[in-house]
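Data first, discussion second: the structure below is written as structure tokens.
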Protein chains: 2
Amino acid sequence: MQYETDELKKVGLKATLPRIHVLQLLLSNEGEHMSAEVVYRKLHESGVDVNLATIYRVLTQFEEAELVERHQFDATTSVFELKQDDHHDHMVCVRCHQVIEYVNAEIEALQESIAKQHGCEIVDHKHVMYVICHECSVKK
Amino acid sequence: MQYETDELKKVGLKATLPRIHVLQLLLSNEGEHMSAEVVYRKLHESGVDVNLATIYRVLTQFEEAELVERHQFDATTSVFELKQDDHHDHMVCVRCHQVIEYVNAEIEALQESIAKQHGCEIVDHKHVMYVICHECSVKK
DNA sequence: TTTACTGCAAACTGTTTGCAGTAAA
DNA sequence: TTTACTGCAAACAGTTTGCAGTAAA
């Protein structure tokens, strides 16, 4: 819990219990992409009662503090993951909803050159591939 | 109006006035990416009163009939464009909200190979670049 | 002790839906 | 004349917000 406290203070946030718990959950589930609802449910399952509105606030603050990244793989729900050092994009299995991360420098470079061709400067991008993953295609 | 009527019947939809008007609007604004709200407003401006709920229904039916494509460039709102023959992706200017379409076979191919490497089969993808367009970067 | 933060409930936004009436075939 | 469609109002889902009370510094 000291680590979480330090991380929070480092980005200028009071080390409150809700924030510590959310951060702890994200840390212990690295690589997962969780919605606010899921964070809420997981915390409650482990006996920690944090209000859903607070979770939304905390996740948004974490995003602003660049501790987490927000993604929207489907039309309705945002998911959050701990921010990693390297940029990566995502594949989402439409059957099992597993998320696979990948990095591809060539695509990144191509993007830049396309933008440049049009006189545009990229400020952000999202690239999501909706797939049927190996496991799902095997089990029919 | 005969053209619209025929197009609608071709995909098995009754040629009703709301549908004809929405299709007409999309046809006369090819290349535009309009939200349901914008469709609603534009129709009303030209003196055609169609209920917003109907516009949502019609656009969804058009999507199912593959007459239009739905995109979500921001978290909250869907936009629609007439379906073209070729696949393309989008750049959206974060300042003026202009949408620029582009096609890049190399990226498409790279996507496929990345998916394959992971044993995945792509069923869909979205690739959006958020940019500052030429005009916007010029006028500071 | 001060001020940022949380819980609660209510609001909000884009979108969908049930139902009774209307228009296309 | 039948049946699909529309308008209306209410519901919906995820998310945000105002406010009064609570806890971190």
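Since we're looking at a predicted model, the values are computed, not measured. Numbered from 1 within each chain, the chains take letters A, B, ... in sequence-line order.
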Using Watson-Crick and G-U wobble pairs with both distances under 3.5 Å, what is the 5'-to-3' dot-bracket string of DNA chain D, with [ ] for crossing pairs and | for pairs outside the strand?
|||||||||||||||||||||||||
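- Ring-plane geometry between B/His33 and B/His88 is classed as perpendicular, the angle between the planes exceeding 60 degrees on a 0 to 90 degree scale with a lower cut at 30.
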Please lay out, stage by stage, how B/Phe80 and B/His71 fare under the test side chain to side chain contact (heavy atoms under 4.5 Å, CB included).
CA-CA 6 Å; B/Phe80 301 83; B/His71 304 289; over 6 Å; no
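- Residues B/Glu121 and A/His134 have side chains that never bring a donor and an acceptor to within less than 3.5 angstrom of each other.
- In this structure, A/Leu43 places its CG atom 15 Å from C1' of C/dG7, rounding to the nearest Å.
- Side-chain atoms of B/His87 and B/Glu108 form a donor-acceptor pair, as typed in the model, at a separation below 3.5 Å.
- The separation between A/Glu4 atom CD and D/dA24 atom P is 15 Å, rounded to whole Å.
- Not a single side-chain contact (heavy atoms from CB on, under 4.5 Å) links B/Lys116 to another residue, sequence neighbours left out.
- Between A/Leu43 atom CG and A/Asn51 atom CG the span is 12.0 Å, to the nearest 0.5 Å.
- Within a heavy-atom distance below 4.0 Å of DNA chain C, the residues of residues 56-79 of chain A found are A/Arg57.
- With 3.5 Å as the limit, one finds a donor-acceptor pair spanning the side chains of B/Asp6 and B/Gln2.
- Looking at residues two or more places apart in sequence or on another chain, you find no salt bridge (charged side-chain N to carboxylate O under 4.0 Å, His left out) involving B/Lys14.
- Salt bridge B/Lys42/B/Glu45: absent, no basic N to carboxylate O contact under 4.0 Å.
- For the residue pair B/Leu52 and B/Ala36, the shortest heavy atom distance occurs at CD1-O, 4.0 Å.
- Here the CD atom belonging to B/Glu135 is positioned 12.0 Å from the CZ atom belonging to B/Arg95, to the nearest 0.5 angstrom.
- Listed by residue number, the members of residues 47-54 of chain A with any heavy atom below 4.0 angstrom from DNA chain C are A/Asp49, A/Val50, A/Asn51, A/Ala53, A/Thr54.
- Contact check of residues 6-20 of chain B against DNA chain D (heavy atom, cut-off under 4.0 Å) returns B/Lys14, B/Thr16, B/Pro18, B/Arg19.
- Paired with B/Arg19 under the rule side chain to side chain donor-acceptor pair (under 3.5 Å), one option of B/Glu7, B/Glu4, B/Gln61, B/Gln24 passes, and it is B/Gln61.
- The aromatic rings of A/Phe73 and A/His90 sit tilted relative to each other, their planes meeting at an angle between 30° and 60°.
- The distance between atom NE2 of B/His44 and atom P of D/dG7, rounded to the nearest whole Å, is 8 Å.
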